[in-house]
Amino acid sequence: MKKKVIGLLVILFLLSACGLTPAEQAILTSTSITPTSAAWTKTPVAPPTSTQIPSPTFTLTPTVTFTPTITAAPTFAFPSVTVNKQAHCRYGPAVAYLHAADLAVGDAGTVRERAVYSNWLRIKFDKLEYQCWVAPSVVDLVGDISNIIKTVPNLQTIGSNQYGPPHNVTAVRNGDQVTINWEQMVMSVDKDRGYFVEAFVCQNGFLLWWTFSYPDQYSTSYTVKDESGCSAPSYGQLYTVEKHGYSQPFDIPWPAP
């Protein structure tokens, strides 16, 4: 800056020496000291401060987890029985079924099922690994059996039978008598348990559940009373029986009244 002032003074001195008029000198001086845009000092301008809008703060509401309350299911108490006389336990709910076990006075167990067509009870005796059926008259019962389910035994689940059902089964009617005949099934003496008949016959206007068995293979005919007058037709099935169980059933060709 000082150098510029000194230079200007030198110029004025020279010009005054050259005889410029006072007006000309005034114009020259004004022009010389006028700064150009290039000599301007630029004052930096701070950029506008951006106003930041704060992001909203979200407050999370915790999820409430409900802990379920577990209510223990009541344990069902099977009615209990005690054998009151020497008796047999069988594989079905009637005396015609295979013998399953001998029972002695004092043998204890619990009732698991009831029969659909009789009042027999299926018992799990403490001394046996399997269940079997008894008449209610041979046990003393403690408890309510009204909620015990009723069931029909599936004879094919009892064991096995190597002989199969009887052959050439026929049935003829003579009035109210139906006679069933079949061919002898030859079985070994050790395994022979004869035959088993299960039928529904009409008597006195009611369709009755009817069971019968022969103890050996040699009896091959059975006659049963069967009347008319029932709401459903009579029918029956015949089984071969050996000591391990029952054969598949053979449907008896039942004659209509």
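Computed from a predicted model, the values in this text were never measured in an experiment.
Surrounding CG of Asn174 are at most 12 heavy atoms belonging to other residues, nucleotides or ligands under 6.0 Å away. In this structure, Gln86 places its CD atom where only 12 or fewer heavy-atom neighbours from other residues, nucleotides or ligands lie under 6.0 Å away. For Trp254, the CH2 atom is densely surrounded, since the number of other residues' heavy atoms within 6.0 Å is greater than 12.
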*Evaluate the criterion side chain to side chain donor-acceptor pair (under 3.5 Å) for residue pair Gln217 and Gln184; output intermediate values, then yes/no.*
CA-CA 6 Å; Gln217 61 187 290; Gln184 177 185 345; 3.0 Å; yes

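Note on ring orientation: taking the six-membered ring where Trp is involved, the planes of Tyr97 and Tyr246 are perpendicular (angle over 60°, cut-offs 30° and 60°).
Counting only N and O atoms by type, the side chains of Asn161 and Glu242 include no donor and acceptor under 3.5 Å apart. A side-chain donor-acceptor contact under 3.5 Å links Trp209 and Glu198. Asp144 and Ser146 are linked by a side-chain donor-acceptor pair at a separation below 3.5 angstrom, with hydrogens and angles left out of the test.
Pro166 is not listed as a side-chain neighbour of Met185, based on a closest heavy-atom distance of 4.5 Å or more. The shortest distance between side-chain heavy atoms of Thr211 and Tyr117 does not fall below 4.5 Å. In this structure, the side chains of His99 and Asp102 come closer than 4.5 Å at one or more pairs of heavy atoms. Annotation: side chain of Ile145 is in contact with side chain of Arg114 (closest heavy-atom distance under 4.5 Å). Residues Lys225 and Val178 form no side-chain contact, since every pair of their non-hydrogen atoms from C-beta on lies 4.5 Å or further apart.
The one candidate from Tyr222, Tyr195, Phe196 that meets the ring-ring contact (aromatic ring centres under 6.0 Å, His included) condition with Phe212 is Tyr222.
When all heavy atoms of Phe125 and Val83 are compared, the pair lying nearest together is CE2-CG2, 3.6 Å.
Taken from CD in Glu227 to CG in Leu208, the straight-line distance is 9.5 Å, to the nearest 0.5 Å.
A salt bridge does not link Arg193 to Asp216: none of the charged side-chain nitrogens sits closer than 4.0 Å to a carboxylate oxygen.
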